[in-house]
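Quick caveat: nothing in here was measured; it's all calculated off a predicted structure. In what follows, every chain begins at residue 1, and chains take the letters A, B, ... in the order their sequences are listed.
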Amino acid sequence: MRKVSFILTAVCVVPFVYILILSLRDLEGGFTLEYYYEVFFAQSQYLVRFWKSLAMSVCIAAGQVFVSVMAGYGFAKYKFPGKNVMFFALLILMIMPLQVTLVPNYIILDEMGLLDTYYALILPAIFVPLGTFIMTQSFKSVPNEVIEAAKLDGCNTMTVICKIVAPMNKSGLVCTMLLSFLDGWNLVEQPLVYLNEFADYPISVALASVQPEEPTVQLVCCLLVVLPPLFLFSYCNQELVEGIAMGGEK
Amino acid sequence: MKKNVLYLFSLILYLLIICTMLSHKIETEMYTQVEVSYRSYTGHIGEPFSSSTDVLFEDEEGLHLYELTECSGWYDGYCIQELPATLWYIDDNTGKIKLPNGRNYILVESASRFPKEGSEVVVVGIPKRTVDYVPFTDEYLVYYPDGVPKEFMLPENSKIIEQSDTAVFLDMEDITYPFFEHTAKQLSVSMSEENCRVFSMTEAEAFLKEIPLLAVLAIFLVLPVLIWMCSGVLLRQASRYRRLWMTNIGMVVISILGTAGILGKIDFPASFMPVSSIFDFSHYMRAFACITNAQSSLEESGQTIALLIDEIKNEIAIVLGIGGFACMVVIVFEIVMARITITHVEKRKHVA
């Protein structure tokens, strides 16, 4: 078992180590920091795109967490006509490929006049159903008696959500936040479809357009791009595993 | 584990912010500065129109003609594109360049360094034909490592202030601004020699005066790293030191704002910038070695740069001294505040 774990770990880690080693080598095979200078000091375009992509991903994550918490609480704790049908529709949307909704989204965004803006990337990503599903499963584990006791103490619905239900389901919240951030960070098709100007593309898309005569610059950019997900996974490792396990149990 | 991850990535976040600010400044400083001239479409399709040969650049591969275009892809702004040799020729009768008609051309007249196909540029200077043009005066130091030619031909609108075996100090009037060594060397046949170096004293002094600002910048960059290192000691009992953490974050934010302010004030003259990397210190050393060698051979005029260098050294020493003192203050502040916090927390526990 240990050997299998070691092999699996090596398979996951070796590509990153290989990228790191290659990024420090010049064309003759010697050690050089020239490409790090190129990405981090010589030109600001790589880092500016990094910050733009980070801001966009943070907006997507924050928006999706908010929408998912509200919708998840409604599905978990309220009874209303068509609830099961709507939840079933949510599941269908969740398993549907992105490409199916790309054109309808394009038409709607065009009608709203949001094409060629960052709102075209952020708004559709906020309403992705995965977060709602995770939070619904997460909130179902909260006993109704706790909520009733809070209401008897004079809490309104928002207070119940913010002060009682959400803190009890930190792992679900973190899981939703993390997965939605990664979705936003790794956007590829939506920027190509909804944005016209190359200057507006996030780093996930622009990276593919780094000049072919500078492959090592692309490797250094890969290391730059991996930093936010690396931080989030390292910081929220425990909650992520709990959140996914909880969703799986239900 | 979480505290360690947050601690490590806080340093990475700070470094990314600083790299973004530095890269923006370095990119601006490293732009090739160009002067351009406009050649307008004359309306005669098929008939070539003429341009003077001032716009040609020569190297070992031959003559090159460059025009200004808008960049595409990753780059915003303007780039240089070489016009293919099949597109233009020099008319033997008129001695002028013939360009195909049918569109306007923005030709690169001179550059702060030899133009490179596809490089980003920034357009500077006011064309001489416009009403806004004001003649500029300067002092040029011409250095010949192998000795000044016996018959040194003076450029137009200039006079010799002083001359030695290896250097000529010139007073120049009505010259192009900013200074481009390539353009300056074309002012006289004597200055076109390969080994000859031409320096603008205005730009040399401007460059030296920026160096103390670099020392201040270095202190603003080092202080947050020092605060980060001190914060690492507090990591084990982070919940006790919340106020100190907030104070440290505040100090780092102030340092970042200070760094932005200093970077806004730094402005290096383009003629001293290296071709490849701004950290190519050998380029600066070579340039100032030529200047100091030339100035040491001049008796009366040679003292200016030497005095300025001494002044700069004193300023840097003062700045670094203040910076070292600031670092000590930060360390003492962290230790004192940590001890006050512990005492305060233990008193509260005792009272409870």
Give me the atom names and distance for the closest heavy-atom approach of B:E27 to A:S44. OE1-OG, 2.7 Å

Can you tell if the side chain of A:L47 reaches within under 4.5 Å of the side chain of B:C19, non-hydrogen atoms only? yes

Does B:K2, at its NZ atom, have more than 12 non-hydrogen atoms belonging to other residues, nucleotides or ligands within less than 6.0 Å? yes

B:L16, B:I26, B:L15, B:L22 screened by side-chain contact (heavy atoms from CB on, under 4.5 Å) with A:F40, the one that passes: B:L16

Counting only non-hydrogen atoms closer than 4.5 Å, does A:Y201 touch chain B with its backbone (N, CA, C, O), its side chain (CB onward), both, or neither? neither

From the list B:I17, B:T20, B:T28, the residue making the most non-hydrogen contacts under 4.5 Å with chain A is B:T20

Should the heavy atoms of other residues, nucleotides or ligands under 6.0 Å from CD of A:Q99 be counted, would the total exceed 12? yes

Evaluate the side-chain proximity of A:F231 to B:I12: yes if any heavy-atom separation is below 4.5 Å, no if none is. no

Which heavy atom in A:W51 sits nearest to a heavy atom in B:L13, and how many Å separate them? CH2-CD1, 3.6 Å

I want to know whether B:F279 and A:F41 have ring centres closer than 6.0 Å. yes

So for B:S276, is it side chain, backbone, both, or neither that comes closer than 4.5 Å to the heavy atoms of chain A? backbone

Is there a side-chain contact between A:L230 and B:F9 in this structure, where contact means two heavy atoms from C-beta onward sitting under 4.5 Å apart? yes

Please classify the contact of B:L8 with chain A as side chain, backbone, both or neither, using a heavy-atom distance under 4.5 Å. neither

